[in-house]
Amino acid sequence: MGPDLTSIAYTSLAVVAGVVVALMVFDKAQKPLVFRIALLWFGATAIAFLAPSELVGLAAIGALLLVLGPAAPAQRIGMYVASLAVLPSYFDAHVPFPGINYLINLDYAKLSTLILLGPVFASRLFSKPPPLLRTVDRCLLFFVLLTGFMSIRDLPFTSMMRVLVDNFLLIFIPYVAISRGLKTLDDMDLAIKSAFMSVAILAAIGAISTAVSWNYYGFLAEAITHKFYTEYRNGFLRIQATLNGPLLGLVMGLGAACLVYLRADRRISAIVAAGLLGLFLAVTFVTGARGGWLASMATFGLSVFFLMAGKGLRKLAILGMMVGVVGVFWLIFNESDVIDDQYGTFAYRAELLRTSLEQIAARPLLGQVDFRESARFAHLIQGEGIVDVVNGYLQVVLTYGLIGLGLYLGAYMTTLGRTLKTIGAFDARRDAAADNRMRRIVVVMAAAQIGYLSMIMTVSAVSYIWNFGYLILSLSAAAVRVAATLEARTCESEASESEAPELETPTPGTSGAGPSEVTSKTEGAARGAAVRPKPYGARFVR
């Protein structure tokens with residue numbers, strides 16, 4: 001059996017493992033979605049490895065998405081979340097168009113955005129936007145426009161338009177569709193379980209790749225890009241699956257956080273949960289990516305900590321992380337030996353940051369698109385003849401200036417701040433089952449945001465790193481909005497009960513009662529039972 005068929009067989013085994021895990025946690029009515037997702041993973045993988053060209057393969061995968069895409073918006077979003085990592089980012093193709101070089105550079109992420117999220121985006125775009133987190137909407141829209149139009153600095157007009165379209169597909173369409181398309185607690189629950197299924201499949205791919213000591217998606221990369229690097233660290237092959245190492249580590253941490261959420265609802269047994277947690281951590285380790293390790297530990301650790309700690313401890317933890325970042329900066333600018341390592345990567349990152357600050361001071365507001373060609377960065381050129389900007393924030397600020405970084409961080413910081421505030425709002429209302437579930441979902445998203453923001457401090461934002469960042473941002477915004485809706489309904493319910501009319505009481509001194517009076521008292525007792533306040537948790541029992 002050739003490497004292409006072997007690769008398809010390995011992924012098929014991983015998909016079967018993912019289905020087994022997903023069937024444990026998905027509700028009965030949601031299980032058809034599990035099989036749709038599984039068919040998409042299997043079909044897209046088979047097409048990618050067997051198609052005669054990338055363009056033909058993407059056309060076939062587009063047809064598959066049209067056939068398998070469910071009708072309900074929440075399920076379309078769930079399928080998008082579960083299948084975003086189905087193919088590597090290098091499986092792409094130029095779509096031809098008369099009169100110009102090509103229309104668009106199409107890959108799976110853009111294709112699934114158009115087909116799965118496009119209808120949801122169209123239905124939500126012209127509806128009244130939710131009042132909460134409007135700042136995030138505006139930051140992202142302005143960021144898309146700024147980065148798109150600023151590409152004219154080094155690209156012709158047609159290429160600038162492609163960048164603008166790409167940014168809408170990468171950022172704005174997923175954000176609007178997901179943050180406004182998920183409206184209920186059940187919708188958010190479905191999104192979390194869909195993400196968990198994707199992580200289970202990727203973990204199985206990582207385990208298989210480790211067992212056979214072969215990054216078998218590298219066969220696809222060699223066929224497309226004619227290069228693929230194999231590297232060992234700590235005695236193990238560095239595993240990537242369909243992502244790169246750091247992003248795979250983050251995704252494993254997200255899976256562990258989702259596992260905590262699912263285990264709290266007793267949707268998965270303790271033995272199975274322990275086994276899956278061990279698998280997720282093992283795959284994180286064999287990525288060999290320290291940025292991935294950091295992101296995974298932050299996401300999983302904070303999801304547990306935020307669930308157990310009170311408001312004061314959470315604030316202390318956030319303060320501790322800020323102090324840690326300041327401490328790292330102090331070590332960098334004092335050129336401490338503490339940041340040296342055997343690979344030289346810490347020292348390179350420190351020098352990159354020092355040099356970048358000089359560049360930012362020279363071009364503060366709008367950055368410089370060709371900063372890598374500046375003599376200031378000449379000493380940072382790597383073996384491939386490039387300056388490797390191993391920091392997502394520096395990638396943004398060096399190219400688009402402090403204005404671009406402000407818009408980018410403004411979206412994330414606003415959402416993260418509101419997420420943490422939402423967790424605090426639920427602290428006083430943990431007795432209700434719905435509140436507990438919603439709180440755990442918000443905790444998962446808060447931890448995922450911090451994990452992602454930690455990771456991009458240490459790695460180049462390539463592959464699907466941007467896509468997953470905006471996915472996490474969109475799910476977090478949706479969780480905050482759903483939580484606010486749940487809180488508003490609870491307040492309305494309490495207000496309506498407090499405003500109920502008091503029951504009439506009999507006149508003192510009267511005795512005896514005729515038939516009409518007995519009937520009146522009976523009806524009054526029934527009305528009293530109807531308006532008597534229910535136990536708090538009972539309001540959410542369906």
Side-chain angles (χ1 to χ4, degrees), residues 14-38 40-41 70 74-86 178 182 185-207 241-243 247-284 295-296 299-300 302-304 307 437-449 451-452 464 468 471-472 474-476 478-479 482:
V15 171
V16 170
V19 169
V20 172
V21 171
L23 290 177
M24 298 178 187
V25 299
F26 276 73
D27 298 335
K28 184 177 180 180
Q30 300 168 341
K31 288 181 179 178
L33 180 62
V34 172
F35 295 105
R36 287 175 182 263
I37 294 169
L40 178 57
W41 269 86
Q75 294 208 353
R76 296 185 78 89
I77 294 170
M79 176 172 274
Y80 176 84
V81 171
S83 65
L84 182 57
V86 73
I178 295 172
L182 299 175
L185 175 56
D186 288 339
D187 290 348
M188 288 303 310
D189 178 72
L190 179 63
I192 292 292
K193 290 184 287 190
S194 299
F196 185 70
M197 181 178 178
S198 176
V199 175
I201 295 173
L202 289 168
I205 292 174
T242 59
L243 309 172
L247 183 54
L248 183 59
L250 170 68
V251 169
M252 292 299 109
L254 176 60
C258 293
L259 191 60
V260 173
Y261 163 74
L262 296 168
R263 176 61 192 147
D265 279 349
R266 300 292 190 272
R267 304 194 198 186
I268 196 165
S269 70
I271 295 176
V272 174
L276 287 171
L277 179 59
L279 176 62
F280 295 160
L281 296 179
V283 172
T284 299
S296 182
T299 303
F300 175 51
L302 288 174
S303 66
V304 176
L307 281 176
R437 288 178 65 201
M438 192 68 242
R439 182 177 184 272
R440 287 193 290 269
I441 290 174
V442 176
V443 162
V444 169
M445 298 321 306
Q449 287 177 84
Y452 175 78
Y464 284 139
F468 271 83
L471 175 62
I472 290 171
S474 304
L475 290 172
S476 300
V482 171

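One-based numbering along the sequence shown.
- For Val81 against Ala191, the heavy-atom pair with the smallest separation is CG1-O, 3.9 Å.
- When all heavy atoms of Lys31 and Phe26 are compared, the closest pair comes out as CE-O, 3.4 Å.
- Here CZ of Arg440 is found 13.5 Å from CE of Met188. Values are rounded to the nearest 0.5 Å.
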Output, in order, the C-alpha distance, side-chain angles, deciding distance and verdict of side chain to side chain contact (heavy atoms under 4.5 Å, CB included) for Leu182 and Leu475. CA-CA 8 Å; Leu182 299 175; Leu475 290 172; 3.8 Å; yes
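- No side-chain heavy atom of Val86 sits under 4.5 Å from any side-chain heavy atom of Thr242.
- By the 4.5 Å heavy-atom criterion applied to side chains, Lys193 and Leu33 are not counted as neighbours.
- Annotation for Ser296 and Met252: closest pair OG-C, 4.2 Å, computed over non-hydrogen atoms.
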Walk me through it: do Thr284 and Phe300 pass the test side chain to side chain contact (heavy atoms under 4.5 Å, CB included)? CA-CA 12 Å; Thr284 299; Phe300 175 51; over 6 Å; no
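- Atom OG of Ser476 and atom CG of Leu471 lie 9.0 Å apart (nearest 0.5 Å).
- When every heavy atom of Val19 is checked against every heavy atom of Ala38, the shortest pair comes out as CG2-CB, 3.4 Å.
- Under a 3.5 Å cut-off, the side chain of Trp41 and the backbone N or O of Ala82 do form a donor-acceptor pair.
- Nearest approach of Leu202 to Ala85, heavy atoms of both residues: CD1-CB, 4.0 Å.
- Contact annotation: the side chain of Met197 never approaches that of Val21 to less than 4.5 Å [non-hydrogen atoms, C-beta and beyond].
- Shown here for Ser303 and Val260, the closest heavy-atom pair between the two residues is OG-CG2, 4.4 Å.
- Side-chain contact between Leu254 and Tyr452: absent, with no pair of heavy atoms (C-beta onward) separated by less than 4.5 Å.
- For the pair Ile192 and Met445, the minimum side-chain heavy-atom distance is below 4.5 Å.
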